[in-house]
Number of protein chains: 2
Amino acid sequence: MKKHIQLFEEYLGKTGGRVTQQKLSILEEIYKTRTHFEVEDFIDRIRAKDKKFSRATVYRTIKQLLDAGLIQKILTRDGKVYYERTPDHHPHDHLLCNVCGKIFEIKDEAVDTLLSQACAAIGFRPEYRSLHIYGQCQRCTTAKL
Amino acid sequence: MKKHIQLFEEYLGKTGGRVTQQKLSILEEIYKTRTHFEVEDFIDRIRAKDKKFSRATVYRTIKQLLDAGLIQKILTRDGKVYYERTPDHHPHDHLLCNVCGKIFEIKDEAVDTLLSQACAAIGFRPEYRSLHIYGQCQRCTTAKL
DNA sequence: ATACATGCAAATGGTTTGCAATACG
DNA sequence: CGTATTGCAAACCATTTGCATGTAT
């Protein structure tokens with residue numbers, strides 16, 4: 001069985017949730033895409049397949065997937081919202097260019113370690129995290145000069 | 001002159017913004033509070049003083065203060081939004097308990113350093129950042145056992 | 001059986017926008 | 001003076017909710 005399905009089922013088991021056709025389809029569809037996506041587009045896409053999915057169900061499932069750490073939410077400075085799968089269940093962080101809007105990814109194990117230690121120091125049990133850095137990308141910085 | 005006022009004026013100068021009575025009052029009022037606050041409450045509070053402040057102006061100013069790094073935005077898992085001043089202009093990060101909703105702060109210089117390096121590595125010029133860790137605080141973890 | 005999940009449409013709530021009036025540089 | 005800013009109310013848009021029906025366990 002695919003790893004993300006297994007993880008989701010484990011999560012649902014732990015939290016008293018039920019495994020449903022819709023939830024699995026939504027997860028599968030999200031995991032087919034490697035890049036970030038908007039919910040509205042996603043709903044169009046998944047509805048085009050076969051079943052009908054209500055907006056409510058998609059959002060309800062997204063919330064659970066977030067909790068389960070299987071997807072990440074990305075917020076732009078101007079309020080746009082994207083989601084994306086968590087590659088290999090290893091969360092990565094985002095740099096958002098305030099000028100062109102492009103989104104870059106960074107992955108730093110050392111940061112993970114430090115944050116885990118910081119949490120442990122006060123007995124906090126982390127479930128998932130969100131790290132966004134807003135600024136200007138190289139292209140936009142040099143273009144301005 | 002107070003440091004935050006000075007920083008804000010510098011920021012406005014750089015970005016072609018104007019220094020207005022409202023902006024300064026909003027900044028001052030925010031800096032009187034050390035804890036996080038909701039915008040709606042804030043508007044009530046500042047309106048109670050002397051002037052009228054439109055919701056729009058408050059939001060427009062908040063956006064500029066965010067860009068200037070003078071305040072930080074906090075997002076709870078269930079969508080509540082708080083803002084708070086950035087103490088001494090040193091951004092700190094937030095741990096949010098998904099059970100009791102309490103918000104903890106952490107400050108780790110080493111994380112700052114690592115992130116700065118990661119940005120520099122791809123030529124990204126960071127302006128401000130948002131780092132939230134969601135999970136369970138010590139009290140809620142032990143209470144559950 | 002009996003919770004939990006779904007779909008629908010309406011509601012929510014934070015934030016933004018258009019426009020005319022006003023104030024900064 | 002010209003341009004950014006303000007206030008107002010209406011608009012926006014992501015997300016949530018109430019309720020009747022459906023379904024996993």
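In what follows, chains are A, B, ... by sequence order, proteins preceding strands, each numbered from 1. No hydrogens, no waters, no symmetry mates; every other heavy atom, side chains included, goes into these values.
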Report yes if at least one side-chain N or O of [X] is closer than 4.0 Å to OP1 or OP2 of [N]; otherwise report no.
X       : N      : answer
B:Lys52 : D:dC8  : yes
A:Lys63 : D:dT16 : yes
B:Lys23 : D:dA4  : no
B:Tyr59 : D:dC8  : no
B:Ser54 : D:dC8  : no
B:Gln22 : D:dG7  : yes

Legend entry - Under 3.5 Å donor-acceptor pair, B:Arg60 side-chain atoms to D:dG7 base atoms: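 Side chain to base: pair found, below 3.5 Å.
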
Legend entry - First of B:Thr20 and B:Lys80 reached from the 5' end of DNA chain C, by closest nucleotide: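 Mapping each residue to its closest nucleotide by heavy atoms, the 5'-most match is B:Lys80.
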
Legend entry - Position toward the 5' end of DNA chain C (nearest nucleotide), B:Glu38 or A:Ala56: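 The answer here is A:Ala56.
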
Inset, instruction - Return the 5'-most residue of the pair B:Arg18, B:Gln21 with respect to DNA chain D, ranking by each residue's nearest nucleotide. - result: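 Checking each residue's closest nucleotide, the 5'-ward one belongs to B:Arg18.
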
Inset, instruction - Name the residue closer to the 5' end of DNA chain D, choosing between B:Thr61 and B:Gly79 according to the nucleotide with the nearest heavy atom. - result: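 Counting from the 5' end, the first nearest nucleotide belongs to B:Thr61.
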
Legend entry - Residue that, paired with B:Tyr82, satisfies side-chain contact (heavy atoms from CB on, under 4.5 Å) out of B:Val39, B:Ile74, B:Thr35, B:Asp41: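 It is B:Ile74; the other options fail the test.
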
Legend entry - Donor-acceptor pair, side chain of A:Lys63 and main chain of B:Arg77, under 3.5 angstrom: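 Between the backbone of B:Arg77 and the side chain of A:Lys63 there is no qualifying donor-acceptor contact (under 3.5 Å).
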
Inset, instruction - Measure from the side-chain N and O atoms of B:Thr142 to the backbone N and O of B:Gln138, and report whether any donor-acceptor pair falls under 3.5 Å. - result: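 Present.
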
